[in-house]
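Indexing begins at 1, ligand by ligand and atom by atom, following the structure's order. Quick caveat: nothing in here was measured; it's all calculated off a predicted structure.
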Amino acid sequence: MKYLTIAFFAFLSLSLAQQRPEEIIKGQCEKASVVAELWHGFTGGAPKTALENLVVEFNRTQNGQVCVRPIGQGNYRDLSTKIKAAFASGKVPAMAQAFENNMALYLESDALTPMAALGIDLKGVNPLFVNAVTFNKQIYGVPFNKSIQVLYYNRDLLKKYNAKVPTTINAFIATAKQISQGEKAPVYFFQPDTSTFSYWFFTLGGSYLQNGKLVLNSPKAVETLELLVQGVKEGWARPITSGFINANFGVGPYAFSTDTSAGYSFYLQAAKFDLGVATLPGRTDKQPGFGLVQGTNLVVFKRADEKEKKVAADFLKFVISPKVQAVFGVATNYVPVNLGSGADPVVTQYIKQNPAFGVAITQARYAKFEPALSDWEQIRFDILGQAIKEAVLGQATPKAALDKAQKAAEDLLAGRTR
Ligand code: FGO
């Protein structure tokens, strides 16, 4: 593609010193006759800037006639709430970020345009991600900003205790215990939420769906929650109940967390220590643990007008190209969704200086998704997430908390509560 030149890369990677990308987009859209809105859930930092830089560059290829306008709608959950409200009011954007379960929900209202109808070919896109946006054999979105959980660690603190980066769960717990005893404070920081739980659960061999049925209180789930509760009781795990982990480094000595690769730029900015990144501890040292895939896809709404849909189609093609995914990936530590990005000099050069990015790409080979059920967002936050919090804070036993969650999820899925 002609427009993907060296200048393009330099432009994106230098970040816009002179004018904020938001301002540039405003100017681009003022003159355009077709404006395709893209509602997103990035609240700031590298991901938001990288998205805006992409949009600026895309708009530049459109000769001022048409433009994409990114509109932040708060965080990811605010975004899906706004989209549901837009369905009711009729004012839907052309495009939005969506988790797989959001897509399942939007499809219940037949609100999404299949990618085939837009002429979008996902050849070269990681099949793991493509599979996740495929419903009834149709592809309803493009993977855009897909993250994978990784192990973050404090190299200085590990050095102080002569500790190696743990590659197994047993070694991880032993190391966390050793450092916590030395520091007299818990050093594994974790958010008692579904994301963190999913890493431990998947790695211990759990699965949320059993014969097509959602099971939140399986013996594996109870074992997983007991491990976290035990970690708190034994003094090696510190629950972080408000804000991102990178916003909580100050609360005590930090050695480890298991968190999204997309957190990297935020971690780096907040860390007053030498930040390390590694693949997740596994059940054995034969392979890393399973990371949860998070981040979102871009979908196109059926109700958008045809001209906007055409802009959206061109934008989505641009966004999944190997070069754009390479540039976006190195800027954000999201996993490039295009398998061709790995060979791009943008990536190969960057990895030499920043091995953390290579770790995310490697970890993405050991990846799992949460269930793509239309009610999953509510379940993962208000039911399972709530149960995890209650157990970790000692308000219920893991078994009681998960039994209650199972009942609540069954009621919700049966339509008894909404
Ligand atoms: C976040 C959320 C979902 C669903 C998972 C779902 C809804 C989780 C988790 C709940 O793009 P990811 O990998 O990472 C985000 C990225 C852009 O904001 O940077 C991360 N970040 C941002 C600021 C910061 O200071 N530190 C930092 O790490 C941010 O997490 O997505 C991971 C976190 C959560 O939002 O609390 O995905 N998630 N499945 N959310 N609504 N629905 O089904």
Side-chain angles (χ1 to χ4, degrees), residues 39-52 70 72-84 96-106 129 132-133 141 143-152 189-199 202 208 214 239-250 257-271 275 277 291-299 328-329 331-337 356 360 363-364 367-386 388-389:
W39 289 11
H40 68 84
F42 287 152
T43 50
K48 179 165 178 281
T49 306
L51 168 63
E52 288 168 353
Q73 299 288 359
N75 64 26
Y76 288 141
R77 203 170 183 200
D78 300 330
L79 170 66
S80 64
T81 303
K82 298 254 174 82
I83 288 174
K84 282 177 249 175
Q97 285 183 318
F99 284 90
E100 293 76 18
N101 66 79
N102 297 141
M103 294 175 65
L105 182 72
Y106 305 157
F129 300 143
V133 291
F144 167 46
N145 60 299
K146 299 307 290 176
S147 63
I148 186 74
Q149 289 171 321
V150 292
L151 177 70
Y152 289 95
F189 284 30
F190 74 102
Q191 289 168 302
D193 65 8
T194 296
S195 303
T196 308
F197 178 84
S198 291
Y199 153 64
F202 289 144
Y208 289 113
L214 181 68
I240 300 294
T241 49
S242 98
F244 290 102
I245 287 171
N246 48 274
N248 283 274
F249 286 150
S257 52
T258 43
D259 207 346
T260 166
S261 61
Y264 184 65
S265 58
F266 300 98
Y267 270 65
L268 207 53
Q269 217 167 29
L275 177 68
V277 179
L292 175 66
V293 177
Q294 300 180 99
T296 60
N297 312 287
L298 295 179
V299 296
F328 185 74
T332 56
N333 223 41
Y334 277 108
V335 178
V337 303
Q363 180 66 57
K368 289 199 187 280
F369 286 82
E370 290 173 4
L373 302 172
S374 56
D375 284 316
W376 180 252
E377 191 162 88
Q378 198 176 339
I379 293 171
R380 84 181 301 287
F381 287 109
D382 304 339
I383 297 178
L384 179 57
Q386 206 51 39
I388 294 164
K389 220 164 277 147

key: Test: Arg77 and Asp382 ion pair at under 4.0 Å   = yes
message = Which of the numbered atoms in ligand 1 are under 4.0 angstrom from any heavy atom belonging to Asn101?
response = 6 (C), 43 (O)
note = The side chain to side chain donor-acceptor pair (under 3.5 Å) partner of Tyr334 among Thr296, Thr260, Asn145 is Asn145
query = Taking distance alone, with no angle check, do Asp193 and ligand 1 share an N/O pair under 3.5 Å?
reply = no
Residue portion contacting ligand 1 (non-hydrogen atoms closer than 4.0 Å) for Gln191 = neither
query = Which protein heavy atom lies closest to atom 1 (C) of ligand 1, and at what distance to 0.1 Å?
reply = Gln294 OE1, 3.7 Å
inquiry  = Determine whether a donor-acceptor pair (N or O, by modelled atom type, separation under 3.5 Å) exists between the side chain of Ser261 and the backbone of Asn333.
reply    = yes
query = For ligand 1, which atoms sit closer than 4.0 Å to a heavy atom of Arg77?
reply = 41 (N)
ask   = Side chains of Thr196 and Asp193: donor-acceptor distance under 3.5 Å anywhere?
value = yes
query = Is the closest side-chain donor-acceptor distance between Glu370 and Thr194 under 3.5 Å?
reply = no
inquiry  = So does Val150 get a backbone contact from the side chain of Tyr199, meaning a donor-acceptor N/O pair under 3.5 Å?
reply    = no
message = So if I count the atoms of ligand 1 from 1 in the order they appear, which ones are less than 4.0 Å from some heavy atom of Ser147?
response = 12 (P), 13 (O)
task = Would you please say whether a donor-acceptor pair under 3.5 Å links the side chains of Asn297 and Gln97?
result = no
message = Give the atom numbers and elements of ligand 1 that come within less than 4.0 Å of a heavy atom of Ser195.
response = 8 (C), 9 (C)
query = If only atom types and distance count, is the side chain of Asn101 paired as donor or acceptor with the main-chain N or O of Asp375 below 3.5 Å?
reply = no
key: Contact check: Trp376 vs ligand 1, nitrogen or oxygen atoms, below 3.5 angstrom   = no
key: Those atoms of ligand 1 less than 4.0 Å from some heavy atom in Tyr334   = 11 (O), 12 (P), 14 (O), 15 (C), 16 (C), 17 (C)
task = May I ask you to decide if the ring planes of Tyr267 and Phe249 are parallel, tilted or perpendicular, using 30° and 60° as cut-offs?
result = perpendicular
remark   = The reported gap from OG in Ser374 to CD1 in Ile379 (rounded to nearest 0.5 angstrom) is 8.5 Å
inquiry  = Just to confirm my output: which protein heavy-atom neighbour is closest to atom 28 (O) of ligand 1, and how far is it?
reply    = Gly263 CA, 3.2 Å
task = May I ask you to identify, for Tyr267, whether its side chain, its backbone, both or neither come under 4.0 Å of ligand 1 on a heavy-atom basis?
result = neither
request  = Write out the residue and atom name of the closest protein heavy atom to atom 42 (N) of ligand 1, then the distance separating them to 0.1 Å.
outcome  = Glu377 OE2, 2.6 Å
query = Any protein heavy atom lying closer than 4.0 Å to atom 34 (C) of ligand 1?
reply = no
inquiry  = As an exercise, identify every atom of ligand 1 less than 4.0 angstrom from a heavy atom of Phe42.
reply    = 17 (C)
message = Among all protein heavy atoms in this structure, tell me which lies nearest to atom 31 (O) of ligand 1, with the distance rounded to 0.1 Å.
response = Tyr76 CE1, 3.3 Å
ask   = When you check the side-chain N and O atoms of Arg380 and Ser195, is any donor under 3.5 Å from an acceptor?
value = yes
note = Checking heavy atoms under 4.0 Å, the part of Phe99 that sits near ligand 1 is side chain
task = Would you mind running through ligand 1 and noting each atom that sits below 4.0 Å from a heavy atom of Asn246?
result = 24 (C), 25 (O), 26 (N), 27 (C), 28 (O)
message = For atom 30 (O) of ligand 1, what's the nearest protein heavy-atom neighbour? Residue, atom name and distance, please.
response = Phe244 CE2, 3.3 Å
inquiry  = Could you identify the single nearest non-hydrogen protein atom to atom 19 (O) of ligand 1 and state the distance to 0.1 Å?
reply    = Phe266 CE1, 3.5 Å
request  = Determine whether the aromatic ring centres of Tyr208 and Phe202 lie less than 6.0 Å apart.
outcome  = yes
